Amino acid sequence: MPQTGRDRLGELLKRLDGRGYPAYRNLEGSYPFERWTLSIDRVQGDPFAAPSRLSARVTLDATGFPGDTFGGRSREIALRDLIARQFVDACRRIPKESRGSGNSGWIAIERPGQEILDTSAVVLTEGHLEARFTAGLPAYGRRIAGRAAEEMLCVEIPRIVEGSLFFSAYDRDRLHRHVLTCEDACAIRSQLPSLGLVAFVADGAILPRRSGVDDRPMERTRAVPFESPPSLRVRVNTPNSGEVTGMGIREGVTLIVGGGFHGKSTLLFGIERGVYDHVPGDGREFVIARGDAVRIRAEDGRRIEKNDVSPFLTNLPFMADTSEFSTDDVSGSTSQAANILEAMEVGTSLLLIDEDASATNFMIRDHRMQELLHKDLEPITPFIDRVRQIYAEHGVSTILVIGGSGDYFDVADTVVCMAEYRPVDVTGRARSIAEKYRSERRFEGTMAFGPVQQRAPLPGTFDPGRGRRPVKIAIRDRWTIAFGREAIDLSAISQLVHAAQTRAIGFAMLHAVRFMDGATPLRRVIDLMMGDLADKGLDALRPGRHGDLAAFRRQELAAAINRLRTLEVRNLNQRQ
Ligand code: ADP
Ligand code: MG
């Protein structure tokens, strides 16, 4: 009888038992089990190091998943996401008592959050389903614990794999709901442009979260479900859930007003996350935004590199030219301007701005302040004087939370008032108030916003090396990439939703360097990078079956490049 992988592993581990930890390296290789194959891809150097990388591979036929659970891009991503979730649950059922030193006995897969992301944890390639996970190979001190390893590799991991990689292990209703909901959300997102909408918030949606650090929905007993005002209610069609109704936010300029604590920021946050699909039960399944929407905030202290901030900033003291503005420590208002221009540079159709995270002097300069300080003494052209031009000239809409300035009524197409978590359409009232009490503030902009900056990154300014290592890229947490010797601070990038995205962006920055030549605009570099990624998949970023990468948007990749403190660019602007 041919020897199975299980037998071979058992024999190997008997021999390795009690030997020094490095002898575990002999395990690297693949082991066919009855219905699937275990592969030990990379063994850790010692019990305290990052855990070993393993994968389990099954032919798609053997998994039994019916074609309608993975046919089409969004269903496939949703199925892979659900498998990762079930894998996480199966790991939890493994007893957690100590298996020895360091991370002995630990088994884990990258854990998804509330969003459904395309990740490298569970992949479907060449007719196979593959799960990539990590395990701490057991040791006592620095000696191999052979029996514990055998229990782990030959009993526990097979139990987890059997419980997550095969259709028979699934609740069919849950599985179908998962893939169909995700497909419906994608379908709504793809309809938005033809409906003239930038966002859609379904009736019945639960927007508030449990807390600032817990992204799960607020308990249904406390949360007020979303209900569109009748005048803004639209219907969208979905392939699986039929017609869905909700508030449609049209292109142009939309204000969200209302008293403090009435749910304005919560609504905007829901929309900001609406660039992603959410798991059933999240409450935001059908809260959908244009896929290229960018949340903008003030971010004083960041570095900017040859930014053309002249639409918002002119006549700076001691500085002639704001069309190539570099500084290592930018002010709040200028950072907000740079964030908008960088978002437009790489491409967006929707800006999301909350007064809570804005610089007041960037948002508005009222009549009295205009009287006190002549325009010549104020370098800033406030956003209120540019927001319509951004839409008219560049097709970029804005949704703005602003409870503090009625001057914005003059530039808004739609005004929604949040009152006790319920939206009310107050557009008509805001208009008549604007008629009755004319704002005395003067327009301070120029006639046109003008072209948006294009800058070409210089490839030599990306150095991923550190010490003797030519490439050292890692993440510290969801908001920090260690790129060579540099730490890139992404804490203001709130549409980064998973650390696996941050990690992928770190590697993508390096990958993108091949498309840079000092003349190719950043926007084009990112086009090429994202195209390459779409063709080759996340594995192109980091060969070797790493399960810890997640797909990201071009906007967040650009944000990371723009925050690399060593970045240098050539400004390609035609502006005089
Ligand atoms: P604002 O921006 O208008 O000041 P927030 O959006 O910050 O208000 O909301 C204030 C509080 O109300 C938050 O703690 C939030 O969780 C809660 N909240 C928001 N929307 C709802 C809702 N629909 N149901 C219940 N609580 C909500
Ligand atoms: Mg708020």
Side-chain angles (χ1 to χ4, degrees), residues 113-115 199-230 232-233 244-249 253-275 278-279 281-289 293-299 332 336 339 350-364 383-384 387 398-409 412 414-427 429-430 491-495 497:
Q114 292 297 107
E115 287 78 19
F200 174 82
V201 185
D203 288 321
I206 302 295
L207 296 174
R209 301 291 98 190
R210 283 226 185 145
S211 77
V213 293
D214 186 344
D215 203 31
R216 290 174 301 167
M218 182 184 274
E219 299 76 3
R220 302 254 161 184
T221 45
R222 286 170 55 211
V224 176
F226 190 83
E227 194 188 329
S228 174
L232 299 177
R233 184 168 282 133
V244 179
T245 65
M247 181 169 88
I249 300 184
V253 179
T254 301
L255 307 185
I256 300 172
V257 304
F261 285 98
H262 282 261
K264 304 183 297 296
S265 295
T266 304
L267 172 57
L268 194 77
F269 180 71
I271 294 170
E272 139 189 351
R273 289 294 169 92
V275 301
H278 290 94
V279 293
D282 174 83
R284 300 170 297 187
E285 293 89 322
F286 298 146
V287 179
I288 311 286
V294 179
R295 172 65 196 265
I296 297 292
R297 52 179 74 223
E299 191 185 349
Q336 201 165 352
N339 286 350
L350 177 61
L351 301 174
L352 303 170
I353 303 181
D354 192 330
E355 61 185 350
D356 287 355
S358 293
T360 307
N361 58 340
F362 177 76
M363 299 306 290
I364 188 78
F383 188 65
I384 189 171
V387 63
T398 298
I399 302 176
L400 192 67
V401 169
I402 187 138
S405 169
D407 284 349
Y408 266 92
F409 294 167
T414 309
V415 185
V416 176
C417 177
M418 293 303 287
E420 294 173 335
Y421 314 132
R422 290 191 172 80
V424 182
D425 180 0
V426 296
T427 310
R429 278 187 56 211
S491 52
I493 310 304
S494 56
Q495 287 169 299
V497 295

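FYI, the numbering just counts along the sequence from 1. Note that this is a predicted model, so its numbers are computed, not measured. One-based numbering, in listed order, for ligands and for the atoms of each.
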J.: Name all residues meeting the side-chain hydrogen bond (donor to acceptor under 3.5 Å, both in side chains) criterion together with Asn361; count only those two or more places apart in sequence or in a different chain, and write none if there are none.
T.: none

J.: Would you check if the side chain of Lys264 reaches a backbone N or O of Gly258 as a donor-acceptor pair within less than 3.5 Å?
T.: yes

J.: Looking at Val213, is its backbone amide N or carbonyl O close enough to the side chain of Ser211 to form a donor-acceptor pair, meaning the two atoms are under 3.5 Å apart?
T.: yes

J.: Classify the side-chain pair His278/Glu115 by whether it contains a donor and acceptor separated by less than 3.5 Å.
T.: yes

J.: Quick check against the 3.5 Å criterion: does Glu299 have a side-chain atom that pairs as donor or acceptor with the backbone of Asn339?
T.: no

J.: Which residues satisfy the side-chain hydrogen bond (donor to acceptor under 3.5 Å, both in side chains) test with Arg233, sequence neighbours excluded?
T.: Asp203

J.: How would you list, by chain and number, the residues with a heavy atom under 4.0 angstrom from ligand 1?
T.: Pro208, Met218, Arg222, Ala223, Val224, Gly259, Gly260, Phe261, His262, Gly263, Lys264, Ser265, Thr266, Tyr421

J.: Taking Met363's backbone N and O only, do any of them form a donor-acceptor pair with Tyr408's side chain (distance below 3.5 Å, no angle check)?
T.: yes

J.: For the backbone of Leu400 and the side chain of Thr398, can you confirm whether one donor and one acceptor N or O come within less than 3.5 Å of each other?
T.: no

J.: Spell out the protein N/O/S atoms under 2.8 Å from the Mg ion (ligand 2) as residue plus atom name.
T.: Ser265 OG, Asp356 OD2

J.: Between Asp282 and Arg216, is the closest basic N to carboxylate O distance under 4.0 Å?
T.: no

